[in-house]
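This report refers to the structure that appears directly beneath it.
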Amino acid sequence: FTSLIRACCSSPDLLLPSLRLFSLMRRRRLPPLPFTFSALLKSAAAARSLPAGALLHSLALSLGAFPSHLFVANSLLAMYVACSDLRSARRVFDEMPLRDLISWTSLVVAYARSGDMESAAALFASSPAKDVVAWTALVTGYAHNAMPGEALDAFVRMRDAGVTIDEVALVGAVSACAQLGAVSRARWVWDIAEANGFGTNVVVGSALVDMYAKCGLIDDARQVFDEMPERNVYTYSSMIAGLASHGRAYEAIALFREMVGATNVAPNRVTLIGVLTACSHAGMVEEGRFFFAQMKDKYRIPRSADHYACMVDLLGRAGLVEEALELVKSMPIKPHGGVWGALLGACRIHNKPEIAKTAADRLFKLEPECIGSYILLSNIYASAGMWDEVSKVRKLMRGRGLKKNPAASWVEGIDGLVHEFFAGDASHPRSREIKKLLEELMGRLKLVGYMPILSSVVYDVSDGEKERLLKGHSEKLALAFALLTKRNGDVIRITKNLRICEDCHLVMSLVSKVEKVEIVVRDNMRFHRFRNGECSCAGFW
DNA sequence: ATAGGGTTAG
C-alpha cells in the first residue's frame with residue numbers, strides 16, 4: 001500500500017487516489033508506517049491541498065506517527081511550506097522534539113517564500129549545521145526576493161565556507177547576476193559553470209541564457225543556447241524573450257518557428273509572451289495578430305490577461321490606440337493593471353489624453369499605490385500643455401502620499417565597482433570632471449546638428465531651464481563618467497531604472513557616432529544598442 | 001525517506 005501511495009505523489013491529480021488507498025489500508029486494519037505518512041503528505045504537498053494536509057496532520061497525531069518520527073515531522077513541515085502556510089510550518093518546527101538539517105532548511109525556505117528574508121537569514125545563522133542545500137536555500141531566497149546583491153554575497157560566503165558548489169547552488173547565483181545585469185560578475189559566474197562542467201545542465205544553461213541576455217550580452221546568450229546539448233521550454237522562452245528585449249524580432253520569431261516546427265518542446269504561455277513582445281518591439285503588427293490568433297487552436301495555450309497586455313502594447317505602440325482600446329473592451333477576461341498600463345503607455349507615445357484618462361482611472365482603482373501610472377498620466381497632460389490637469393494629478397498623488405522614485409543610472413567602472421548616478425546629482429567624486437565633459441560634449445554634438453528635445457522635460461519651466469534639466473539626466477551623467485574612464489574598444493553599458501527619455505536616446509545615438517563607441521543601455525523596458533548613430537530599437541520603445 | 005533550481009508582462 002505504501003508503495004502504491006508513493007507512486008501517486010508525483011502528480012497533484014493523484015491526491016484523491018492516494019487518500020482512497022489509505023482508507024482501504026485502514027479498513028483492512030493494516031497499521032500505517034511512518035513512510036506511509038510521508039508519502040501521503042507528499043501527495044498533499046504536490047496538490048497544495050491544505051485541507052488534506054491538515055487532516056493527515058491530525059491522523060498522524062492520533063496514530064502516533066507525529067511528533068515521534070523525525071521523517072514524518074519533516075514531511076509535515078514540507079507540506080505546510082508547499083501550501084505556503086508559514087504559521088503551521090513554524091508550529092510543527094517548534095513542536096518537534098528533534099530537528100535535523102532538513103527541518104532547519106525547510107523553515108528557512110518557508111520564511112524566504114513568505115518574503116521575510118530577515119527571519120530566513122536569522123534562522124539560517126542559528127542553524128547548527130549548514131550544507132550545500134541550506135546555503136542554496138539562502139542564496140535563492142535572496143534571489144527570489146529581488147535582493148541580488150545579498151544573494152551573490154551569500155554565494156561567496158558559501159564558497160568561502162568550503163562548501164562544494166553544485167548545479168542547483170550555481171543557479172541561484174546566475175539568477176542574481178541576471179537581476180544585477182553586471183557584466184563582470186556574470187562572466188565570473190559563467191567561469192565557475194564552465195570550470196565545473198555545469199553548463200550542460202538544462203537548468204543552469206537556461207539560467208545562463210537569461211543572465212547573458214539581461215546583461216546586454218545577447219550574442220553570448222545565443223552562444224550558450226546553441227552549445228547546450230539539451231533545451232526545454234525554459235531555454236527557448238529565455239532565448240526568445242532575450243532576443244525580443246534586444247529588438248531582434250526576426251531572430252526571436254525564427255527561433256519560435258524552429259521550436260514548434262523542428263523540436264518536441266511545446267511552447268507555453270511564457271514563450272508566447274516572448275513572441276508577442278518581440279513583435280511589439282519591432283512594430284510587427286500583422287505577425288503579432290497572427291500568433292495571437294493561433295494561440296488557442298494551434299498551441300492550446302489559453303490567452304491570459306498578460307497576452308492581451310502584449311497585444312495592447314503592440315497595437316498601441318504602432319499607433320493603433322483606438323483599436324487597442326477596442327481590444328480591451330472586447331476581452332473575455334477581466335483586464336488587469338498590465339493591460340491598462342500598456343494602453344496608457346501607448347497614449348504617452350501617441351499623445352492621446354482622452355484615452356489616457358480612461359486607462360488611468362482604471363489603474364488608479366486597480367493599483368492605487370503604483371506610482372508609475374500617475375506619472376505617465378501627468379506626463380501625457382504635460383506634453384499636451386494641459387497644465388491644470390497636470391496639477392490635479394500631482395495633487396492626487398500627494399493626497400495619497402505617493403512619492404516619485406528618483407531616476408537613477410548605473411555603470412560598471414573598470415574598477416569593477418558599480419557607480420550610481422541620480423538625476424541632477426553632483427555627489428560622485430568625479431562630478432566636476434563629469435560636468436565639464438558633458439558641457440564640452442553637448443557643444444560638440446550641437447556642431448553636428450543636435451538640438452535638445454525640450455519636450456522631454458515635463459515641467460512647466462523656461463527653455464533654458466529645460467535644457468539644464470536635460471543635461472542632468474542620470475544616464476547622461478553615467479555616460480560622461482564612462483567616457484571619462486573607459487579604455488579603447490570598451491562597450492559602455494548603462495542600466496537605468498526608468499525608461500530612457502527621447503533626448504537621452506538621441507544623445508546616445510550621436511555619441512556612438514561622434515565618439516566611435518558602442519553603447520548599450522538597459523532601461524526598464526528593453527535594451528538599446530547604439531552603434532554608429534543608430535539604435536537597435538529603431539525608434540520602438 | 002524528508003530540504004535547495006531556470007522563463008514572461010505596462
Side-chain angles (χ1 to χ4, degrees), chain A residues 2 6 33-39 41-42 45 69-79 81-82 100-110 112-113 127 131-141 143-144 158 166-175 178 198 201-211 213-214 232-242 244-245 267-277 280 304-313 316-317 335-348 359 363 366-367 370 372-373 376 499 524-525:
Chain A
T2 302
R6 268 206 63 69
L33 300 167
F35 303 151
T36 320
F37 278 105
S38 283
L41 285 163
K42 198 161 185 182
H69 283 94
L70 177 61
F71 295 160
V72 176
N74 277 341
S75 300
L76 260 174
L77 197 46
M79 180 277 297
V81 175
D100 65 0
L101 183 49
I102 293 175
S103 329
W104 283 91
T105 306
S106 298
L107 204 61
V108 168
V109 170
R113 293 217 180 129
S127 156
D131 65 355
V132 62
V133 178
W135 275 103
T136 304
L138 187 71
V139 173
T140 50
H144 283 162
M158 156 159 61
D166 67 4
E167 281 98 331
V168 185
L170 190 70
V171 167
V174 176
S175 154
F198 294 160
N201 175 294
V202 217
V203 180
V204 176
S206 306
L208 284 173
V209 167
D210 176 54
M211 175 189 80
K214 291 210 173 114
N232 63 18
V233 64
Y234 284 91
T235 329
Y236 275 97
S237 302
S238 298
M239 193 66 239
I240 290 171
S245 70
N268 65 14
R269 49 190 306 284
V270 180
T271 323
L272 262 295
I273 286 171
V275 172
L276 294 176
T277 326
S280 179
S304 70
D306 294 336
H307 297 103
Y308 276 93
C310 292
M311 277 312 283
V312 168
D313 186 52
R317 234 175 248 283
H336 62 197
V339 176
W340 292 112
L343 190 64
L344 188 60
C347 293
R348 186 200 52 77
L363 279 167
L366 285 168
E367 301 173 349
C370 178
S373 29
L376 263 179
R499 181 183 171 279
N524 63 346
M525 304 293 300

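Chain A is the first sequence line, chain B the second, and so forth, proteins listed ahead of strands; every chain is numbered from 1.
- Looking at the side chain of Val133(A), the nearest of the listed nucleotides dG6(B), dG4(B), dT8(B) is dG4(B).
- At least one side-chain nitrogen or oxygen of His144(A) sits closer than 4.0 Å to the OP1 or OP2 atom of dG6(B).
- For the pair Trp340(A) CH2 and dA9(B) P, the interatomic distance rounds to 21 Å; values are reported in whole Å.
- Heavy atoms of Val132(A) sit under 4.0 angstrom from at least one base atom.
- Between Asn268(A) atom CG and dT8(B) atom P the separation is 12 Å, expressed in whole Å.
- No hydrogens or angles were tested; on distance alone, nothing pairs the side chain of Asn524(A) with the base of dG10(B) as donor and acceptor under 3.5 Å.
- Of the candidate nucleotides dT8(B), dG4(B), dT2(B), dG4(B) has the atom lying nearest to any side-chain atom of Val109(A).
- Note on Ala39(A): nothing from the nucleic acid sits closer than 4.0 angstrom, heavy atoms only.
- One can place CG of Asp210(A) at 13 Å from C1' of dG5(B), the figure rounded to the nearest angstrom.
- Phosphate contact (OP1/OP2 of dG6(B), side-chain N/O of Lys214(A), threshold under 4.0 Å): absent.
- Residues Ser103(A) and Leu70(A) share a closest heavy-atom pair of OG-CD1, 4.1 Å.
- In the set dA3(B), dG6(B), dG10(B), dG10(B) carries the atom at the smallest distance from any side-chain atom of Asp313(A).
- A donor-acceptor contact under 3.5 Å links the side chain of Ser237(A) to the base of dT7(B).
- Scanning both residues, Val339(A) and Ala305(A), for their nearest heavy atoms gives CG2-O, 3.4 Å.
- Comparing atom distances between the Glu367(A) side chain and each of dG10(B), dG5(B), dA3(B) picks out dG10(B) as nearest.
- Rounded to whole Å, atom C1' of dT7(B) lies 14 Å from atom OH of Tyr236(A).
- Here Phe198(A) pairs with nothing under the ring pair (Phe, Tyr, Trp, His ring centres under 6.0 Å) rule; sequence neighbours left out.
- Listed nucleotides dA3(B), dG5(B), dT7(B) differ in distance to Ser106(A); the shortest reach to its side chain belongs to dA3(B).
- When the side-chain nitrogen and oxygen atoms of Arg113(A) are compared with OP1 and OP2 of dA3(B), none of them lie within a distance under 4.0 Å.
- Comparing dT2(B), dG6(B), dG4(B) by their nearest atom to the side chain of Val202(A) picks out dG6(B).
- With dA3(B), dT2(B), dA9(B) as the candidates, the nucleotide lying closest to the side chain of Asp131(A) is dA3(B).
- Across all strands shown, Val139(A) has no heavy atoms under 4.0 Å from either base or sugar-phosphate atoms.
- Heavy atoms of Gly337(A) sit under 4.0 angstrom from at least one base atom.
- Closest to the side chain of Thr140(A), out of dA3(B), dG5(B), dT7(B), is dG5(B).
- Considering only side-chain atoms of Ile273(A), the nucleotide from dT2(B), dT8(B), dG6(B) that sits closest is dT8(B).
- One interatomic measurement links the two molecules: CZ of Phe198(A) to C1' of dG6(B), which rounds to 15 Å at whole-angstrom precision.
- Separating the CG atom of Leu276(A) from the C1' atom of dG10(B) is a distance of 14 Å, rounded to the nearest angstrom.
- The shortest side-chain heavy-atom distance between Met79(A) and Leu76(A) falls under the 4.5 Å cut-off.
- For Asp100(A) and dA3(B), the CG to P distance is 11 Å, given to the nearest whole Å.
- Ala78(A) comes within 4.0 angstrom of the backbone, heavy atoms only, and of no base.
- Per the geometry, CG belonging to Leu77(A) stands 14 Å off P belonging to dT2(B), to the nearest Å.
- Not a single donor-acceptor contact under 3.5 angstrom links the side-chain atoms of Glu167(A) to the base of dG4(B).
- For Ala241(A), whose side chain is taken as the heavy atoms from C-beta onward, the closest listed nucleotide among dG10(B), dT8(B), dT2(B) is dT8(B).
- Within 4.0 Å (heavy atoms only), Arg348(A) reaches no atom of the nucleic acid at all.
- Partners of Trp340(A) by ring pair (Phe, Tyr, Trp, His ring centres under 6.0 Å), not counting sequence neighbours: none found.
- Between Ser237(A) and Asn268(A), some side-chain heavy-atom pair lies under the 4.5 Å cut-off.
- Counting heavy atoms from C-beta outward, Thr235(A) and Val202(A) have side chains that approach closer than 4.5 Å.
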